[in-house]
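To start, the structure itself, in structure tokens.
All ligand and atom numbering here is 1-based and tracks the order in the structure.
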Amino acid sequence: MSNSAPYLILSDIHANLEALEAVLAAARGRYDRILCLGDFVGYGADPNPVVEWAREHVTVSIRGNHDRAGILSDVAAPDLIETFSPAARASTLWTRDALTADNRQFLERLPRGPLPYEGFDLIHGSPADEDEYLITLADVEPVRGTLGTQLTFFGHTHRQGGFLLARRATAYLDPERRLDIEPDHYYLVNPGSVGQPRDGDPRAAYAFYWPVERAVEYQRAAYDVDRAAAKIRAAGLPDFLAARLFEGT
Ligand code: ZN
């Protein structure tokens with residue numbers, strides 16, 4: 001696309017090492033630095049290898065709701081885990097036991113979004129709430145007046161795409177296309193989920209962002225779903241968390 005190197009934008013890796021490795025292999029040599037939008041852990045069977053990779057290679061990151069849940073005790077946050085689905089709750093308890101002290105400390109130190117970075121913002125859920133889902137146009141309407149910058153990267157929904165907030169109307173962004181950031185519009189860009197896509201495409205999702213050209217390119221990478229699912233089952237995590245990886249739902 002251009003001569004400058006893009007940033008690799010990742011979100012919702014969710015302890016899926018096979019998906020992460022496939023993305024890194026597909027993107028190898030193309031990017032300048034790695035930015036992450038939270039949820040390194042939860043659901044998947046490899047929280048420690050994923051966090052160890054993040055500690056070494058990620059330039060800037062914010063926390064996600066699963067990162068927070070995975071490190072807090074029920075004493076500190078008695079109600080948080082109650083808002084989770086049964087499968088998410090089971091995986092959170094498993095993750096708390098599995099994390100090493102050093103990896104837990106990395107997650108504890110992650111900042112909460114919105115995190116301004118080089119003229120754009122990083123958030124996990126919505127600007128106001130890392131647990132809030134931006135899925136529909138109606139979800140985005142209340143956010144319109146709260147965006148700090150023209151370009152915001154977000155995650156949490158595990159759906160690649162996002163939203164274009166033009167002066168009068170809001171529209172979905174088509175992840176099939178290269179996205180040029182135009183003046184006078186606001187953009188909420190979701191790279192999709194590396195480790196547990198829910199947009200009907202089981203391939204790992206990610207994006208590149210060219211800061212000089214102000215362009216986004218959505219990407220997918222096929223990975224070894226069989227292996228990731230087998231690890232989830234072997235760990236004794238809910239079977240649903242393995243099965244959904246094959247469907248991308
Ligand atoms: Zn997530």
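Between Tyr7 and Phe120, the ring planes are tilted. Angles from 30° to 60° get that label.
For residue His14, an N/O/S atom approaches the Zn ion (ligand 1) to within less than 2.8 Å. Between the Zn ion (ligand 1) and His158 there is an N/O/S contact shorter than 2.8 Å.
With contacts defined as side-chain heavy-atom distances shorter than 4.5 Å, the pair Arg96/Thr92 qualifies. Arg220 is listed as a side-chain neighbour of Asp199, based on a closest heavy-atom distance under 4.5 Å.
An angle of 90° is found at the Zn ion (ligand 1) between Asp12 atom OD1 and Asp39 atom OD2, rounded to 10°.
When only modelled atom types and interatomic distance are considered, Asp39 and His124 share a side-chain donor-acceptor pair under 3.5 Å.
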